[in-house]
Amino acid sequence: AYLFLLTKDYTTSYNKFLKCYLNNDTSKFVLKYLGISSFKIDSFEAAKFYLEKAFNFDSTDYQVTNFLGITCASSIYEELGIYYLNKTVKILTPDSIYLAAVYFNLGKAYDSYGDSPCKKGFNAFLMASELNPKDALTLLFLGYKYDYCLKDKKMAIKYYKQFIASRPAKEKDNKNSPFDFRYYDSAIKRLEELEKK
């Protein structure tokens, strides 16, 4: 049934998946592809029925939500179609803060691997900053990269200043967060050195 679906023989695929379903195979796989096959032969009510059953198995499958959304929007369930298509967008779009953290960790991984070109780490930190421009530590690491990797004094100063500006007021200094204030002190010292040059 699946091979017929892959070769775009949707009618045969539908008939074979339906046979599986009628023989009590109600697995997500069968429901999903029976629904997609139904959609491909313009049987929208059947597609909605099977795809909703597949959705009940796994609400994070973007193919199910996408086809379910298109199916509903192509029939009388337009509002439901919008719901499922919005769900598809959410599934396919990672949270920018989380993705920024992944890029930040990738940059640190490049930095810790001695054989990696410094520009790779820089690019990862730059992407992290684009995704989460408020993350102070990313600003600092970009300052380091401009300073020591790209040898761009002007940009290093810019990022060091942005990082230093993010330092909380003294009364909010958290003794349980040793990295923050050590980094701020280090950035201030390096900024002073760069501005003297």
Side-chain angles (χ1 to χ4, degrees), residues 28 32 54-70 72-73 79-197:
K28 178 198 156 195
K32 173 181 175 176
F55 178 79
N56 290 334
F57 269 102
D58 181 4
S59 62
T60 63
D61 185 323
Y62 71 89
Q63 287 182 310
V64 170
T65 58
N66 184 47
F67 276 103
L68 191 48
I70 298 167
C72 290
E79 190 175 354
L80 204 50
I82 292 167
Y83 166 79
Y84 286 121
L85 290 170
N86 274 322
K87 186 151 185 65
T88 304
V89 169
K90 286 180 184 171
I91 291 168
L92 292 174
T93 308
D95 175 80
S96 62
I97 303 297
Y98 184 82
L99 189 55
V102 171
Y103 273 107
F104 179 81
N105 289 325
L106 178 61
K108 286 177 65 178
Y110 277 127
D111 282 356
S112 66
Y113 179 57
D115 289 340
S116 109
C118 74
K119 190 96 165 64
K120 288 201 176 223
F122 167 77
N123 289 335
F125 290 126
L126 194 59
M127 183 61 84
S129 181
E130 287 175 17
L131 290 163
N132 185 10
K134 294 181 181 179
D135 183 64
L137 207 49
T138 302
L139 297 173
L140 175 65
F141 276 70
L142 278 170
Y144 287 156
K145 284 298 184 183
Y146 277 114
D147 192 357
Y148 298 106
C149 171
L150 301 176
K151 310 292 186 200
D152 186 333
K153 178 182 166 183
K154 182 180 172 186
M155 291 301 286
I157 288 172
K158 173 187 168 186
Y159 278 97
Y160 286 141
K161 283 182 175 179
Q162 286 180 10
F163 172 70
I164 293 164
S166 73
R167 183 177 184 149
K170 274 287 183 194
E171 61 271 10
K172 293 184 181 173
D173 279 7
N174 183 351
K175 304 281 188 259
N176 296 326
S177 178
F179 80 89
D180 279 356
F181 303 103
R182 188 178 62 233
Y183 281 155
Y184 284 113
D185 295 339
S186 171
I188 291 167
K189 183 178 176 188
R190 182 61 183 153
L191 179 62
E192 288 169 356
E193 290 170 359
L194 287 173
E195 287 180 328
K196 283 179 188 174
K197 288 183 181 179

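Values below: every heavy atom of this structure, side chains too, minus hydrogens, waters and symmetry copies.
- By the 6.0 Å contact criterion, CZ on Phe57 is enclosed, its count of non-hydrogen atoms from other residues, nucleotides or ligands being greater than 12.
- Using a 4.0 Å cut-off between charged nitrogen and carboxylate oxygen, Glu193 and Arg190 count as a salt-bridge pair.
- In this pair, Tyr184 and Phe163 present their aromatic rings parallel. The plane angle is below 30°, not in the 30 to 60° band.
- Here the side chain of Lys153 pairs a donor or acceptor atom with the backbone of Leu194 at under 3.5 angstrom.
- Leu150 CG to Cys118 SG: the interatomic distance, rounded to the nearest 0.5 Å, is 6.0 Å.
- Annotation: Lys28, atom NZ; neighbour count of heavy atoms from other residues, nucleotides and ligands within 6.0 Å is above 12.
- The structure places CD of Gln162 at 11.5 Å from OG1 of Thr138, a figure rounded to the nearest 0.5 Å.
- The aromatic ring centres of Phe141 and Tyr144 sit less than 6.0 Å apart.
- Counting all heavy atoms, side chain and backbone alike, Leu139 lies closest to Ser129 at CD2-OG, 4.4 Å.
- Side chain of Asn132 to main chain of Ala128: no donor-acceptor pair is present (N/O by atom type, distance under 3.5 Å, no hydrogens or angles).
- Atom CD1 of Ile91 sits about 11.0 Å away from atom CG of Asn86, to the nearest 0.5 Å.
- Rounding to the nearest 0.5 Å gives a distance of 11.5 Å between OG1 of Thr65 and NZ of Lys90.
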Determine whether Ile188 and Arg167 satisfy the following criterion, side chain to side chain contact (heavy atoms under 4.5 Å, CB included), listing intermediate values before the conclusion. CA-CA 11 Å; Ile188 291 167; Arg167 183 177 184 149; 4.2 Å; yes
Take Lys145 and Leu126 through the test side chain to side chain contact (heavy atoms under 4.5 Å, CB included) and record every step on the way to the result. CA-CA 10 Å; Lys145 284 298 184 183; Leu126 194 59; over 6 Å; no
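- Looking at heavy atoms from C-beta onward, Tyr160 lies in side-chain contact with Leu140 at the 4.5 angstrom threshold.
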Please assess Asn66 against Ile70 for the test side chain to side chain contact (heavy atoms under 4.5 Å, CB included), listing each intermediate value before the final yes or no. CA-CA 6 Å; Asn66 184 47; Ile70 298 167; 3.8 Å; yes
Take Phe55 and Lys87 through the test side chain to side chain contact (heavy atoms under 4.5 Å, CB included) and record every step on the way to the result. CA-CA 11 Å; Phe55 178 79; Lys87 186 151 185 65; 3.7 Å; yes
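- Here Lys32 does not pair with Asp58 in a salt bridge; the nearest charged N to carboxylate O distance is not below 4.0 Å.
- Aromatic ring centroids of Phe104 and Phe125 lie under 6.0 Å apart.
- If you take CG on Leu68 and OH on Tyr84, they are separated by 4.5 Å, rounding to the nearest 0.5 Å.
- With rounding to the nearest 0.5 Å, the separation of CG in Asn105 from CG in Asp111 is 11.5 Å.
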